[in-house]
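Reading through the structure tokens given below for one structure.
Model, not experiment: these values are computed from the prediction.
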Number of protein chains: 2
Amino acid sequence: MRYRRSDVVERAVTVLDQHGLADLSMRRIASELGLQPSALYHHFASKQVLLAAVADEILDRGARTPHDQLAWDAAVVAICHELRDAMLAYRDGAELVATVHAFGLGTRSPVGPLVAALGRGGFALDFAHAAATTLVHFVFGHVSDEQTHLQADSVGALGDTEIRPGAGSFDLGLSLILDGVRQQQPGQVQDVLSGRPSS
Amino acid sequence: MRYRRSDVVERAVTVLDQHGLADLSMRRIASELGLQPSALYHHFASKQVLLAAVADEILDRGARTPHDQLAWDAAVVAICHELRDAMLAYRDGAELVATVHAFGLGTRSPVGPLVAALGRGGFALDFAHAAATTLVHFVFGHVSDEQTHLQADSVGALGDTEIRPGAGSFDLGLSLILDGVRQQQPGQVQDVLSGRPSS
DNA sequence: ACCTGAACACCGTTCAAGT
DNA sequence: ACCTGAACACCGTTCAAGT
């Protein structure tokens, strides 16, 4: 059989979702396609490049409408939720996307959209960048934890007392950071109890 | 030669610092000690367990005095800085510690001390736990980024326009989260401009 | 353009056996 | 208690050659 680059990515996504990141090897993908491992190097320069394409595909599939119409803070919440949902949709999605992001590969970084949203909030670029990466680190870390616990549960080892991370603690952490960001909003004093401007 | 478990950990830390996490293999550690790879399995049940011991060792070496005397927010800042410094002290330290933490291995989790500090701030346990993990995700993510950029720079590929993460953006992100936490302080209204209680 | 076949230089882990 | 030696079942990557 003769495949296109996108066919390989598609199959890699399936292997990832069904067998996890540890089993996502070049040899495994090749054998599932009925190819020799070396054939993959016609489509991708290295495994890292293939993984970056897989991460981009996962984020693409979770992409929704643009966030330009929303208020800056609603846009930030929407982007973070979209990112979380996209990564949760595939086994080890968060670990894969975070790894690709850490290596500076992949073209779908959520930092750009977040900086844009924060820019509409009137924040300086330096501050917007620091806030955006803080948010991204939180989302990656939290969703990785969620998926690790999902995995542990599905294997059967459920500790009763343990605090499980989920949508609740995600929103809590997210609003924590957002509250911190709002406090730096230039030229404004905040109403602490509602989180909305009071002047 | 005949080694103790701690000798193996010590050598592993050296290999990590000199050659990086990618080259920290069981075979590499064994050969540096003049042992067969199988000999390591007398001391550690698996590579994961060895890595957990290495992470613990790195955090142990960075351990300072306890933070019980400090105000809760000063303690949080101290714990996060200590964690950052400990991981920055060894090549790929952040990636290793974060990986071990994600797998639930290692005995030196910074979440405990952070929850304790936040408890002294009067926060509910659930909230304290969410805040602590948010802080830990931020620290792991930020320091991983710092070390990735350090590595890229030392290789020689320095992009000029790029925003480099460092101590400045670390403190910025940290105070961002801390500001958000302060806003949830029970039974208090905050002075937004100073970050200190006003009532 | 896309793939095969064979090779190279590695992995983590197990296990019987040695001292 | 600590280690050897050999094996098993894998890796990512390269490269000449095929269609």
Atom P, compared across D:dC10 and C:dA9: separation rounded to whole Å: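 Looking at atom P only, D:dC10 and C:dA9 are 22 Å apart.
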
Nearest-Å distance for atom pair [atom1]/[atom2], residues [X] and [N]:
X       : N      : atom1 : atom2 : answer
B:Arg5  : D:dC3  : CZ    : C1'   : 17 Å
A:Leu21 : D:dC11 : CG    : P     : 13 Å
A:Tyr3  : C:dA1  : OH    : C1'   : 16 Å
B:Arg27 : C:dT14 : CZ    : C1'   : 12 Å
B:Met26 : C:dC10 : CE    : P     : 18 Å
A:Met1  : C:dT4  : CE    : P     : 12 Å

Exercise: do A:Ser109 and A:His101 side chains pair donor with acceptor under 3.5 Å: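 The criterion, which ignores hydrogens and geometry beyond distance, is satisfied for A:His101 and A:Ser109.
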
B:Glu146/B:Arg164 ion pair, N-O < 4.0 Å: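 No.
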
Derivation and outcome, ring pair (Phe, Tyr, Trp, His ring centres under 6.0 Å), residues A:His43 and A:Tyr3: CA-CA 9 Å; A:His43 300 283; A:Tyr3 296 103; 8.1 Å; no

Rounded distance (nearest 0.5 Å) linking atom CG of A:Leu51 with atom CG of A:Leu24: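 The distance works out to 6.0 Å.
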
From CD1 (B:Ile79) to CG (B:Leu114), nearest 0.5 Å: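 Answer for the CD1-CG pair, B:Ile79 versus B:Leu114, is 4.5 Å.
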
Closest non-hydrogen atom pair, B:Asp179 against A:Gln184: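 Looking at all heavy atoms of both residues, the shortest contact is OD2-NE2, 3.3 Å.
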
Selection: residues 28-54 of chain B, any non-hydrogen atom under 4.0 Å of DNA chain D: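 Residues of residues 28-54 of chain B under 4.0 Å from DNA chain D: B:Gly34, B:Leu35, B:Gln36, B:Ser38, B:Ala39, B:His42, B:His43.
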
Residue list, side chain to side chain contact (heavy atoms under 4.5 Å, CB included) with A:Glu57, at least two apart or on another chain: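 Counting only residues at least two positions away or on another chain, A:Glu57 forms a side chain to side chain contact (heavy atoms under 4.5 Å, CB included) with A:Val9, A:Val13, A:Arg61.
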
Structure string for DNA chain C in dot-bracket form, Watson-Crick and G-U at under 3.5 Å, | interchain: ||.|||||...|||||.||

A:His81 and A:Phe170 aromatic ring geometry - parallel, tilted or perpendicular at 30°/60° bounds: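 A:Phe170 and A:His81: tilted rings.
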
